[in-house]
Amino acid sequence: MRDTLTTTPHAASMTLSQWYLACSVCNRREPADAGVGLCPDCQAPYLAHLDGPVPDRGKIGSRWDMWRYGPALPVDSPDDVLTLGEGCTPLIESSSLAEWVGVRRLWIKDEGVNPTASFKSRGLAMSVMRAKARGVSGLVVPTAGNAGAALAAYGAAAGVPVRVYAPDTTPAPILGTVRAMGVELVTVPGHIGDAGRLAMAFAAASGYFNVATLREPFRVEGNKTLGLELVEQLGWRFPDAVVYPTGGGEGVIGIWKAFCEMKEWGWVSADAQLPSLAVAQATGCAPLVRAWIDGLDRATPWENPVTHAAGLRVPSPLGDRLVLRALRESRGSAAAIDEESISAATLLLASGTGIDAAPEGGCALAAARELVRAKRISAAGEVVVFNTGSGASYRT
Ligand SMILES: *Cc1c(COP(=O)(O)O)cnc(C)c1O
């Protein structure tokens, strides 16, 4: 399969046979198409790795969706991908928000304009494509909301049956999107952890494949395009800092993997300094911020998680070790923001830019300001804040 590396004008891609999976703790290896969950020895996530020629930045496609980065992704054929037009989202500079945050330059990366109104489109487009190629009978996911909407849409696009488990407190417009795709929706009293237990039991009983955050390695590969795209939009330059509203951790892990790979592959100049990562969480559910402040490499479960930023209501993030490792490697930082300040910053983000900000984006903006004031992010730098979802998903 090695010689099937194509040079079509669309995108040249590494074939799946050049990829393998490795446990993020013990490095236990599995073939890329093994369809595994967590490592049986460590109960830790697998990540996908390329074991082939270094991808060529010049082979990026001319297509206008995340599959333009086919050369960096586990894709069989660039012309045979599952797409609803995910990725290629706006990067918008705001001088008024830069002033409010207290930095030289500030950019908002607006993920709310993705097909299912959040960055979850990227990861699930990739994982549904990979799962379909293995011939799964169905797909199941526990979700705080947006991952369910994305799985429903990509399941519909791929013609694969889907079941979604979501808390009954999930914003109504998001549940409405899941229902509109005609998939099975089970609402659950409690939080995403409770939904996760039910999804696992259902997967075991039905044979459906569970694509929960980091239980499935290809969502991270889709999320890598967050970082690849950002750096291309900046003219193949790294920003100084990236602030990401973090729940399970898959977004921030994907971005960090992309930054490290770009550096390793020579996609940015050899002396480019890797950005520092900042994790934003809500004070009502901040297991990663707590672990970071306590200097730990694992998070302990958050009791009684409460926040209106639904995507951040993840009390036991499976990606804890990887997120905390990325924070250490990037000389990063973390901040927790209270509910009132999240609301105020969400309004400021929207009214200052015209972007339909989600509360998660507001949380990241407020965290950027707090971390600049605490001198954890340099005021002289260039900062990118991710608005990970759409405000429309939260209006009832
Ligand atoms: C899922 C989600 C998050 C958190 O992302 P993780 O990858 O789980 O850390 C943040 N914002 C929104 C809008 C989300 O849907």
Side-chain angles (χ1 to χ4, degrees), residues 33-38 43 45-46 82-84 86 114-223 247-251 305 310-311 313-319 389 393:
D33 60 356
V36 291
L38 299 177
Q43 296 301 307
Y46 285 96
L82 178 64
T83 185
L84 293 169
E86 52 291 324
N114 272 300
T116 56
S118 81
F119 79 97
K120 298 294 199 303
S121 302
R122 298 176 186 260
L124 284 152
M126 178 64 81
S127 65
V128 172
M129 183 182 79
R130 292 267 53 102
K132 186 185 176 169
R134 289 193 297 106
V136 296
S137 61
L139 294 164
V140 58
V141 78
T143 178
N146 284 319
L151 179 63
Y154 289 96
V160 177
V162 163
R163 185 186 280 225
V164 172
Y165 287 86
D168 53 15
T169 52
T170 302
I174 302 179
L175 294 180
T177 300
V178 176
R179 287 195 190 95
M181 297 297 160
V183 307
E184 293 178 73
L185 170 65
V186 183
T187 55
V188 176
H191 53 69
I192 188 173
D194 304 308
R197 282 183 279 281
L198 293 173
M200 256 195 308
F202 175 74
S206 66
Y208 275 35
F209 184 59
N210 187 352
V211 292
T213 296
L214 287 158
R215 211 166 262 287
E216 190 283 337
F218 290 112
R219 282 177 62 179
V220 165
E221 292 303 300
N223 289 334
E250 171 185 293
R313 193 167 164 245
V314 183
S316 301
L318 205 47
S393 304

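Quantities reported herein were computed from a predicted structural model and do not represent experimental measurements.
- Contact of the Thr143 side chain with the Leu151 side chain is not registered, since no non-hydrogen atoms from C-beta on lie closer than 4.5 Å.
- What you find for Pro167 and Gly190 is that their closest heavy atoms are CB-O, 3.3 Å.
- Not a single ring-ring contact (aromatic ring centres under 6.0 Å, His included) links Tyr154 to another residue, sequence neighbours left out.
- To the nearest 0.5 angstrom, Ser121 atom OG is 10.0 Å from Asn223 atom CG.
- Of all the heavy atoms in Gly207 and Ser137, the pair that sits closest is O-OG, 3.6 Å.
- For the pair Ser316 and Ile192, the minimum side-chain heavy-atom distance is 4.5 Å or more.
- In terms of modelled atom types and a separation under 3.5 Å, the side chain of Arg313 and the main chain of Pro305 share a donor-acceptor contact.
- Between Gly148 and Val141, the shortest heavy-atom contact is CA-CG1, 4.0 Å.
- Using a 4.5 Å heavy-atom threshold, the side chains of Leu318 and Leu38 count as touching.
- Sorted pairs that involve residues 139-158 and meet salt bridge (charged side-chain N to carboxylate O under 4.0 Å, His left out), not counting sequence neighbours, are lacking altogether.
- Sorted by first and then second residue, the ring pair (Phe, Tyr, Trp, His ring centres under 6.0 Å) pairs involving residues 158-186 (not counting sequence neighbours) form an empty list.
- Taking every heavy atom of both residues into account, Thr177 and Ala149 meet most closely at CG2-CB, 4.0 Å.
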Under 3.5 Å, which donor-acceptor pairs link side chains of residues 124-131 to any protein atom two or more places apart or in another chain?
unit_1: Ser127; atom_1: OG; unit_2: Gly123; atom_2: O; d: 3.4
unit_1: Arg130; atom_1: NH1; unit_2: Pro74; atom_2: O; d: 2.8
unit_1: Arg130; atom_1: NH2; unit_2: Asp76; atom_2: OD2; d: 2.7

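- The two residues Asn210 and Ala203 have their closest heavy-atom pair at CB-CB, 4.2 Å.
- For the pair Pro115/Thr83, no side-chain contact is recorded, criterion being any heavy-atom separation below 4.5 Å from C-beta on.
- Here salt bridge (charged side-chain N to carboxylate O under 4.0 Å, His left out) pairs that include residues 202-222, with residues two or more places apart or in two chains, are Arg219-Glu250, Glu221-Lys224, Glu221-Lys257.
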Taking distance alone, no hydrogens or angles, what donor-acceptor pairs closer than 3.5 Å link side-chain atoms of residues 180-187 to residues at least two apart or in another chain?
unit_1: Glu184; atom_1: OE1; unit_2: Arg163; atom_2: NE; d: 3.3
unit_1: Glu184; atom_1: OE1; unit_2: Arg163; atom_2: NH2; d: 2.8

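- Lys120 places no side-chain N or O within donor-acceptor distance of the main-chain N or O of Ala150, the cut-off being under 3.5 Å.
- Between atom OG1 of residue Thr116 and atom CG of residue Asn146 there is a gap of 7.0 Å, rounded to the nearest 0.5 Å.
- In this structure, the separation between OG1 on Thr169 and NE2 on His191 is 10.0 Å, given to the nearest 0.5 Å.
- In this structure, Ser118 contributes its side chain and Asn114 its backbone to no donor-acceptor pair below 3.5 Å.
- Of all non-hydrogen atoms in Leu214 and Gly248, the two that sit nearest each other are CD1-O, 3.7 Å.
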